[in-house]
Amino acid sequence: MTKRVALVLGSGGARGYAHIGVIEELEARGYEIACIAGCSMGAVVGGIYAAGKLKEYRDWIQSLDYLDVLRLLDVSFRLGAIRGEKVFGKIREILGEINIEDLPIPFTAVATDLTNQQEIWFQEGCLHKAMRASAAIPSLFTPVIQGKRMLVDGSLLNPLPIVPVVSSHCDLIIAVNLNSNNQRHYSLPAIERHPLLKERFDLMMATLGSRLPSLLRKNGNADELLLMEERKGAERFDPWLQHAEEPESAPASEAAARAMPKSASDSRIADISGPASLLEVINQSLEVMQTSLAQYKIAGYPPDILINVPRRACRFFEFYKAPELIMLGRQIAHDTLEKYEKDN
């Protein structure tokens, strides 16, 4: 008999792509996902699945490489590093205009109201706006202003929103925790990527976190500054990155590899005057908080099945790793469900 599942998808930045692999494994085993609650990237993936558009979303994110992700960074530095209009504009294009109450699957997106210091559940209204508010990661994406409320990522108060599905009358509650510390035997599947493009992406994220705020005060044009920093990054890795806009025709030669500094990470750290970018320090701090909060939520409302994705799988901003993270999510879901089915 098909088991009806209430699915809880937690927060975790780019690790949220693992939710797609979990959903695919559940469907492959014949489980029926009857309702969903999600926070941050969990709300994004859950909302897109509830709208029946997960395949289109997966096809898009799997096509993104380092430079594609860079082009989606619409720099702000007002109340967040990125406005998010390009990213969520694409998601809106995939979804179309749809309200949560019109979805075929009951769905809840969890956000945090900074003004009133409380958790907000979106169970009706515009799906796109609810997902955008739930995923407004502090320091990374600008908040959503709704009347007198300032809405940000729901993970500040509830990174694993189990409570919204407790009364769903499903056969099982399955929660996906993206902030696990005890899954050391899992590692990210290896997909070959050119090291020079990866270095360029890391350089740009460091720039977003530390160098651009001061440059912005001097020059005032974020888009021009982003292009300027891209050029600087390319110049560091001559000759290959001079032609990085056409990676399929660029020669990945030994000479190009030798152009990269012997210790790329050391070189990058020296550039930003500190052990990491401010952006990464802030988000690592948030992830520590989310890990602790998630454990409290699990202890208070234990799910029937808990799928733990290791926090060390990737950094929060590595959104170009969709293929690897989807594979990892499916692998962990497979192992967890195998054990559950064997024991029950």
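Here the structure is a predicted model, which means the values were calculated and not measured.
- The pair Arg29-Glu25 meets the salt-bridge criterion, with a side-chain N (NZ, NE, NH1 or NH2) lying under 4.0 Å from an Asp/Glu carboxylate O.
- Ionic pairing of Asp343 and Lys339 is present here: one or more N-O contacts between side-chain nitrogen and carboxylate oxygen are shorter than 4.0 angstrom.
- Among the candidates Ser40, Pro159, Cys39, the single residue satisfying the side-chain contact (heavy atoms from CB on, under 4.5 Å) test with Gln290 is Pro159.
- Hydrophobic clustering, with ILVMFWY side chains joined whenever heavy atoms are under 4.5 angstrom apart, keeps Ile137 apart from Val110.
- Listed by chain and residue number, nothing satisfies the salt bridge (charged side-chain N to carboxylate O under 4.0 Å, His left out) test with Glu27 (two or more places apart in sequence, or in another chain).
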Contacts under 3.5 angstrom, residues 295-303 side chains, donor-acceptor by atom type, not counting sequence neighbours:
none

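- Ring-plane geometry between Tyr17 and Tyr57 is classed as tilted, the angle between the planes lying from 30 to 60 degrees on a 0 to 90 degree scale.
- Looking only at distances, a side-chain donor or acceptor of His128 sits under 3.5 Å from a matching main-chain atom of Phe88.
- Using a 4.5 Å cut-off between side-chain heavy atoms of Ile, Leu, Val, Met, Phe, Trp and Tyr, Leu157 forms no hydrophobic cluster with any other residue.
- Residue pairs meeting the salt bridge (charged side-chain N to carboxylate O under 4.0 Å, His left out) criterion with at least one partner in residues 35-62, sequence neighbours excluded, are Glu24-Arg58, Lys55-Asp59.
- When Pro161, Ser134, Pro164 are each tested for a side-chain contact (heavy atoms from CB on, under 4.5 Å) with Trp121, only one passes: Pro164.
- A salt bridge between Glu93 and Lys90 is present, with a side-chain N of the basic residue lying under 4.0 Å from a carboxylate O of the acidic one.
- Listed for the Asp113 side chain is no donor-acceptor partner under 3.5 Å among the backbone atoms of Arg149.
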List, one per line, each side-chain donor-acceptor pair under 3.5 Å for residues 101-109, sequence neighbours excluded.
residue, atom, partner, partner atom, Å
Glu101, OE1, Gly125, N, 2.7
Thr108, OG1, Gln123, NE2, 2.9

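- Taking hydrophobic clusters as Ile, Leu, Val, Met, Phe, Trp and Tyr residues chained together by side-chain heavy-atom distances below 4.5 Å, Val176 does not share a cluster with Leu306.
- At a threshold of 4.5 Å between side-chain heavy atoms, the hydrophobic network of Ile, Leu, Val, Met, Phe, Trp and Tyr places Val163 and Leu178 in two separate groups.
- Scored by the salt bridge (charged side-chain N to carboxylate O under 4.0 Å, His left out) test, Lys3 finds no partners at all (sequence neighbours excluded).
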